[in-house]
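Scroll down for the structure; my scribbles are underneath it.
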Amino acid sequence: MADDKKLTTRAADFSAWYNEVVLRSELADYSPVKGCMVIRPNGYGIWERMQRALDDMFKATGHQNAYFPLLIPESFLKKEAEHVEGFAPEAAVVTHGGGKELEEPLVIRPTSETIIYHMFAKWVQSYRDLPLLINQWANVVRWEMRTRLFLRTTEFLWQEGHTAHATHDEAEEETRKMLGVYRDFMEGYIAMPVITGQKTNAEKFAGALRTYSCEAMMQDNKALQAGTSHNLGQNFAKAFELKFQTESGGTEFAWNTSWGVSTRMVGGLVMTHGDDNGLRVPPLLAPIELVIVPIYRKDEERAEVLEAAHRIAKSLGAWDRRETARIRVHIDKREGIKPGAKYYEWELRGVPLRLELGPRDIAANQGVLVRRDTREKKAVSLDTLGEDVAECLSTMQRDMFAAALDRRGANTYRDPMPYDQFRQLMDGQGGFVYAGWCGDEACEAAVKEETKATIRNIPDEEFRSVEAPTSCLKCGNDAKHEALWAKAY
RNA sequence: CGGGACGUAGCGCAGCCCGGUAGCGCACCUGAAUGGGGUUCAGGGGGUCGCGGGUUCAAAUCCCGCCGUCCCGACCA
């Protein structure tokens, strides 16, 4: 039945649409263990490109990769009071090994602060050993009550940076620097605009002094926390005796930071750019940037068209699909599937560009180039194909960011808003509301209770309005903070 | 753990009320034709009807129990 092939539209049911896109575009599949996720090659290819770009950015800012164990002694988690309170409820614990009950249970890392700072304590003696700038690519496990593909899975892949510094100010600078790296990555690569800012105490990381986040708006007008950066102060240093000798001979606890982004970003990509035909992948993250769909009837035509397709792929620099290739090209040589069916399939998978190539084109020394984002078709000469494709890809990257930014702008409210109106908005179409907050956690909690909306963060300067909100969204008293309110994933 | 829905082929579902040889669409396999926006025809493979018990000559269908999944809430990158 033709209806079976159609996606649920985003407007009809955003959640159903999201799940269908993730499953049908072969980003991921459900695993036998509930809450876990199998990331398929198409999805992993995107994650791999994210990793590569971020890894370069981390190295450029002086960080080195290392690897720490999956299993952490339970006692480690308990050394920092806030930390254990935050993570104990969602810990997965190993109690048996080698056929025997273990003397001490081992926790599967929900995050690696404890084991990393335990090791840092051994490595750091002097101020000369600082700063220590480490990153780890790893999987972590958090036993969440409810999961969603990519957005909240029991096990997820991430990157966690951990650093140690001699002073608070240096740690703070690092925390902010890495938040900026995240913003640059998310906007530059995922083409997903984010609002950076500081988390409130209620929302900050368990054990941190301060937490900063990148908040993005999804197409259902809900916020996605896409990355966080924490200034941990000396909390973990004190718990793990991470001390160093200062230049003047005294002993001080080090100052730590940690920061992470995860496979959740793939979900953010889908919910930022997907449309009613499926996924749209920003060119910089697309495992395949251009798919060639050959069109032919007779065997002679088939030979001719495929020969031309291979020649084109080779000239675009992607003959063997190595990463050194200039443009990542795939030729869809499958037999027995009509071109139209192939178009739908590659659109569903989000490949940015498609080149339709048939006997008529070859006779005219051209191909038909189709953009995934606009579905716009144009005939291009095969002589200048490389330049045209490269230009088109970078245009798409920019256009996708601009479109996402426009959409966010249209659903962000900066004018003073009565609380009743806010409630209605959160009950209906949602969006980001920039409004004052008196600083009282009771107001924050009441808003959450009544509307499910929370303070996503206290936005940084660049997002703020010229005229700051003057009163608290909830109680109307004088505002101490300018806050970004929204319902979140 | 509270509220709702549902378990029948890989996926999506019908059949159940009113018991009588297991069905449909998609996908898959074979063959032929087709091929510039989801091809058509013909043939084919595939199911302990979630599990256990009961009623009955006979249970996917009726009854009891259990298990599981999904959605809504509490938790969260």
Side-chain angles (χ1 to χ4, degrees), chain A residues 1-8 13 15-16 19-20 23-24 29-30 32-35 85-91 109-111 138-160 182 186 199 202-206 211-216 223-230 258-268 277-278 293-299 301-302 305 332 334-348 354-364 366-368 370 375 377 379 448-449 452 454 456 488-489:
Chain A
M1 201 187 290
D3 277 358
D4 284 346
K5 294 184 174 176
K6 284 210 180 105
L7 274 175
T8 302
D13 184 342
S15 293
N19 276 320
E20 280 182 50
L23 295 169
R24 288 176 54 183
D29 204 349
Y30 294 115
V33 176
K34 188 175 142 83
E85 199 184 317
F87 285 103
E90 55 193 45
R109 60 183 166 213
T111 178
N139 58 338
V140 291
V141 168
R142 297 181 186 178
W143 217 268
E144 305 288 357
M145 291 171 183
R146 224 154 126 222
T147 57
R148 286 196 75 189
L149 292 168
F150 284 111
L151 301 178
R152 191 172 301 104
T153 45
T154 300
E155 177 190 6
F156 56 95
L157 302 182
W158 78 347
Q159 149 283 310
E160 48 180 324
Y182 287 160
M186 290 171 192
K199 286 286 191 185
E203 300 268 332
K204 79 172 168 62
F205 178 76
T211 289
Y212 301 93
S213 73
C214 297
E215 303 286 334
L224 183 75
Q225 180 175 307
T228 47
S229 184
H230 318 290
S258 71
W259 25 275
V261 294
S262 72
T263 38
R264 168 179 271 198
M265 291 190 297
V266 178
N277 298 308
V293 179
I295 296 156
Y296 46 80
R297 265 173 244 203
K298 311 179 205 99
D299 277 352
E301 288 177 344
R302 178 172 174 274
V305 169
D332 188 348
R334 291 173 300 170
E335 297 285 345
I337 300 174
K338 289 179 80 172
K342 292 181 178 178
Y343 300 165
Y344 277 92
E345 193 174 312
W346 292 111
E347 282 174 9
L348 180 62
R354 172 174 83 235
L355 185 72
E356 302 175 5
L357 194 65
R360 295 208 298 264
D361 296 310
I362 291 168
Q366 64 163 37
V368 176
V370 187
R375 293 178 115 202
K377 287 189 179 194
K448 185 176 183 180
E449 169 77 24
K452 290 177 198 159
T454 49
R456 299 320 305 152
Y489 274 95

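Each chain gets a letter, A, B and so on, in the order the sequences are listed, and its residues count up from 1.
Heavy atoms of A:P89 sit nowhere under 4.0 angstrom from any nucleic acid atom. When heavy atoms are screened at a 4.0 angstrom cut-off, A:V140 is found touching no nucleic acid atom at all. Counting non-hydrogen atoms under 4.0 angstrom, A:K342 reaches nothing in the nucleic acid. Within 4.0 Å of A:R148, counting heavy atoms only, lies no atom of the nucleic acid at all. The residue A:Q225 sits close only to the backbone: its heavy atoms come under 4.0 Å of sugar-phosphate atoms, none of a base. Here A:T211 lies out of heavy-atom contact (under 4.0 Å) with every strand. At a threshold of 4.0 angstrom between heavy atoms, the contacts of A:G227 with the nucleic acid are absent. No engagement by A:E155 is indicated, since no non-hydrogen atom pair under 4.0 Å with the nucleic acid exists. Residue A:L224 is out of contact with every strand shown, counting any heavy-atom pair closer than 4.0 Å.
Figure legend. B:A5 is base-paired to B:U69; pairs are counted as Watson-Crick or G-U wobble with both atom distances under 3.5 Å. Using Watson-Crick or G-U wobble geometry with both donor-acceptor distances under 3.5 Å, B:G35 finds no partner in any strand shown. Of the nucleotides present, none pairs with B:C49 by Watson-Crick or G-U wobble criteria with both distances under 3.5 Å. Nucleotide B:G19 has no partner under the Watson-Crick or G-U criteria, as no pair reaches both atom distances under 3.5 Å. Searching all strands for a Watson-Crick or G-U wobble partner of B:C24 with both distances below 3.5 Å returns B:G12. Nucleotide B:U30 forms a pair with B:A42, judged by Watson-Crick or G-U wobble geometry with both contacts under 3.5 Å. When Watson-Crick and G-U wobble pairs are counted only if both distances are under 3.5 Å, B:U61 pairs with no nucleotide at all. A 3.5 Å limit on both hydrogen-bonding distances identifies no Watson-Crick or G-U partner for B:U56.
Within a 6.0 Å radius of CH2 in A:W158, other residues, nucleotides and ligands contribute more than 12 heavy atoms. In this structure, A:R297 places its CZ atom where only 12 or fewer heavy-atom neighbours from other residues, nucleotides or ligands lie under 6.0 Å away.
For A:E335 against B:G35, a side-chain-to-base donor-acceptor contact under 3.5 Å is absent. Put simply, the side chain of A:K377 and the base of B:G37 share a donor and an acceptor less than 3.5 Å apart. For A:R354 against B:G37, a side-chain-to-base donor-acceptor contact under 3.5 Å is present.
Picking from B:G35, B:A77, B:G37 the nucleotide with the shortest atom distance to the side chain of A:E347 gives B:G37. Taking every side-chain heavy atom of A:E144 into account, B:C75 is the closest of B:G35, B:C75, B:G37. When distances are taken from the side chain of A:Y344 to each of B:G38, B:G36, B:C75, the shortest belongs to B:G38.
A salt bridge links A:K199 and A:E215; the closest N-O separation between the charged side-chain nitrogens and carboxylate oxygens is under 4.0 Å. Ion pairing between A:E160 and A:R109 fails under the 4.0 Å rule for side-chain N and carboxylate O.
Look at A:K338 and you'll find a side-chain N or O under 4.0 angstrom from OP1 or OP2 of B:G36.
When each of A:S15 and A:I362 is assigned the nucleotide of RNA chain B with its nearest heavy atom, A:I362 is the one assigned upstream, toward the 5' end. Heavy-atom nearest nucleotides on RNA chain B were determined for A:A341 and for A:K298, and the one closer to the 5' end corresponds to A:K298.
For the pair A:F205 and A:W259, the minimum side-chain heavy-atom distance is 4.5 Å or more.
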